[in-house]
Amino acid sequence: MTEGDTSYLRAFLKARSGLHLGPEKGYLLQIRLAPILRDAGLASLAALAGTLRSGRDPDLAAQVVAAMTTNETSFFRDRAPFEALQRSILPRLVEARAASRRLRIWSAAASTGQEAYSVAMILAEMAPALEGWTVDIVATDISAEVVARAKAGRYSQFEVQRGLPIRLLLTHFEQGPDGWVISPELRRAVDFRVQNLLDPLERLGQFDVVFCRNLLIYLDAETKRRVLAAVGGRLARGGFLCLGSTETVLGISHAWEQDAEAPSFFQPRSAIPQPYVASYAQTV
Amino acid sequence: MKHCLVVDDSAVIRKVARRIMESMSLQVSEAEDGQQALAACRTRMPDAVLLDWNMPVMDGYEFLQELRRLPGGETPKVVFCTTENDVAHIARAMHAGADEYVMKPFDKEIIAVKLQEVGIV
C-alpha cells in the first residue's frame with residue numbers, strides 16, 4: 001500500500017467519523033480492516049482505498065467506519081459518574097424540572113448500549129420519584145450494526161459481569177441459551193438510533209443530560225471542539241454534559257464549567273458560542 | 001489491610017484469585033472447603049470471602065448459612081465465585097445472604113468490580 005493510500009484512508013476516517021488516526025496507529029488499519037477485505041473479496045488495503053475513492057459502495061464505507069470505531073464499553077463503566085447521576089445530578093434535575101415533569105437523557109456514543117441501559121436501570125430505581133413524569137432516553141451510535149446489537153439487548157456472561165451488580169442482573173435480565181437479555185421494559189425505555197455526531201443533531205431535540213464519554217479521546221483538537229460544541233448545543237438550560245473519566249474540556253473549550261459535586265459532569269457557562277437553545281421546549 | 005478468604009477446592013483457582021487480590025493490596029488466606037473455611041472464620045473473621053459453590057466436605061451454600069449464624073458472621077462480604085451460572089443458583093445464593101456473585105470464568109477486572117461493589121476495594 002502506498003503512502004497515498006494510507007493518507008487517503010486516514011483522511012476518509014476523519015471526514016466520516018472524526019476519528020484521528022495518527023501515523024503511529026497505521027497498524028490498526030491492517031488489523032481492523034482485514035475481515036472487511038476478506039468479506040468484500042478485496043486483495044489489499046490499496047484495493048479498499050480504490051473502492052472507497054470511487055464512491056461506488058456506500059455500505060462498504062459504512063463498514064469501514066464501524067470497524068475502525070472503538071466499541072469498548074461496560075455497564076456502569078467507571079461507577080462514579082453513575083453514582084453521581086443518581087445521588088446528585090438527577091435529584092437536582094427533578095427539582096429543577098418539577099414544572100414540566102419531563103427529563104430527556106442522551107447517550108451520544110452509545111456503542112452496544114450498556115451506558116444507556118445503565119441509565120435506564122437507575123431511572124427504574126427512581127420510579128417512585130418520577131411517577132407521572134415523561135422520561136426519554138435516546139442512545140445513538142455511528143454504526144448501524146452496533147445499534148442493532150444494542151436494541152437486541154443481548155449480552156454475554158462476560159459482558160454482564162463487567163460492572164453490573166448481581167442484584168440488577170436478577171432484576172432486569174432474563175437468562176437465555178447464549179447469555180443474558182435485557183427485560184422488554186428496559187428495551188422499550190431506550191430509543192436507539194444511528195447518528196453521526198458530525199451530522200446535524202437538531203432533530204434529536206434538547207436534553208437535560210448528555211453522556212459523551214470516551215469519544216473525545218479519539219478525536220483531534222479541531223474535531224473535539226466541533227463535537228463538543230454540537231453536542232453542547234443539544235443541552236437544555238441547566239443541563240449537564242458527562243465526559244469520560246480521562247476526558248476534560250480543558251484546552252478545548254472555555255465554555256464549560258465542571259460541576260463541584262460531580263466531577264465527570266460539566267455545564268455550559270452563561271455565554272456558550274453555539275446554537276445553544278434556551279429550552280428544549282422550543283425544539284421538541 | 002483488608003483480609004479476604006478464598007474458599008475453593010481447586011488449587012489453581014485459589015492461586016489465581018490470590019494473585020489478583022494481592023495485586024489489589026488485600027491480605028489473602030485460603031481454605032479448600034466450607035469446613036476449613038468455617039474454622040478459619042472462627043479464628044479470624046475476614047472482611048470478605050470469595051466462595052466456590054461445589055466443594056467436598058461442606059459446599060459453599062452450606063458454609064454461607066453456617067457463617068451467617070456465627071458471632072460476627074454477618075460482617076464479611078461474601079462473593080460467590082462459581083460455575084453454577086443459572087438464575088436459580090444466583091437467586092438462592094443472594095437469598096441466603098451472599099453480597100455478590102461471580103460466574104466463572106472470571107478475570108481480574110470482574111473480581112475488582114465485584115469487590116468494589118461490596119466496598120472491599
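Bear in mind the structure is a predicted one, so any value in this text is a computation, not a measurement. Protein chains get the first letters and strands the later ones, always in sequence-line order, with residue 1 at the start of each.
Residue A:E24 places its CD atom among more than 12 non-hydrogen atoms of other residues, nucleotides or ligands, all under 6.0 Å distant. Residue-environment remark: CD (B:E66) exceeds the threshold of 12 foreign heavy atoms within 6.0 Å. By the neighbour-count criterion of 12 heavy atoms within 6.0 Å, atom CZ of A:R92 is densely surrounded, having more than that number from other residues, nucleotides or ligands. For A:E185, the CD atom is densely surrounded, since the number of other residues' heavy atoms within 6.0 Å is greater than 12. Within 6.0 Å of CZ on A:R32 lie more than 12 heavy atoms contributed by other residues, nucleotides or ligands. Counting heavy atoms of neighbouring residues, nucleotides and ligands inside a 6.0 Å radius, atom CZ of B:R19 does not exceed 12 of them.
Contact of A:L169 with chain B is made through the side chain alone, with heavy-atom distances under 4.5 Å. Looking at B:E109, the atoms closer than 4.5 Å to chain A (heavy atoms on both sides) all sit in the side chain, from C-beta outward. Within the 4.5 angstrom heavy-atom criterion, atoms from both the backbone and the side chain of B:D86 approach chain A.
Checking side-chain atoms of A:Q175 against main-chain N and O of B:A88 turns up no donor-acceptor pair under 3.5 Å. The main-chain N or O of A:L164 is never found under 3.5 Å from a side-chain atom of B:E117 such that the two would form a donor-acceptor pair. No donor-acceptor pair closer than 3.5 Å links the side chain of A:Q161 to the backbone N or O of B:F106.
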(message) side chain to side chain contact (heavy atoms under 4.5 Å, CB included) for B:V113 and A:F76? Distances and angles first, verdict last.
(response) CA-CA 10 Å; B:V113 164; A:F76 297 94; over 6 Å; no

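Of the listed residues (B:D99, B:V102, B:V118), the one with the most heavy-atom contacts under 4.5 Å to chain A is B:V102.
What you find for B:N85 and A:Q157 is that their closest heavy atoms are ND2-OE1, 3.0 Å. A pairwise comparison of heavy atoms in A:V160 and B:M103 identifies CG2-CE, 4.1 Å as the closest pair.
Annotation: the span from A:L170 atom CG to B:Y101 atom OH amounts to 9.5 Å, rounded to 0.5 Å.
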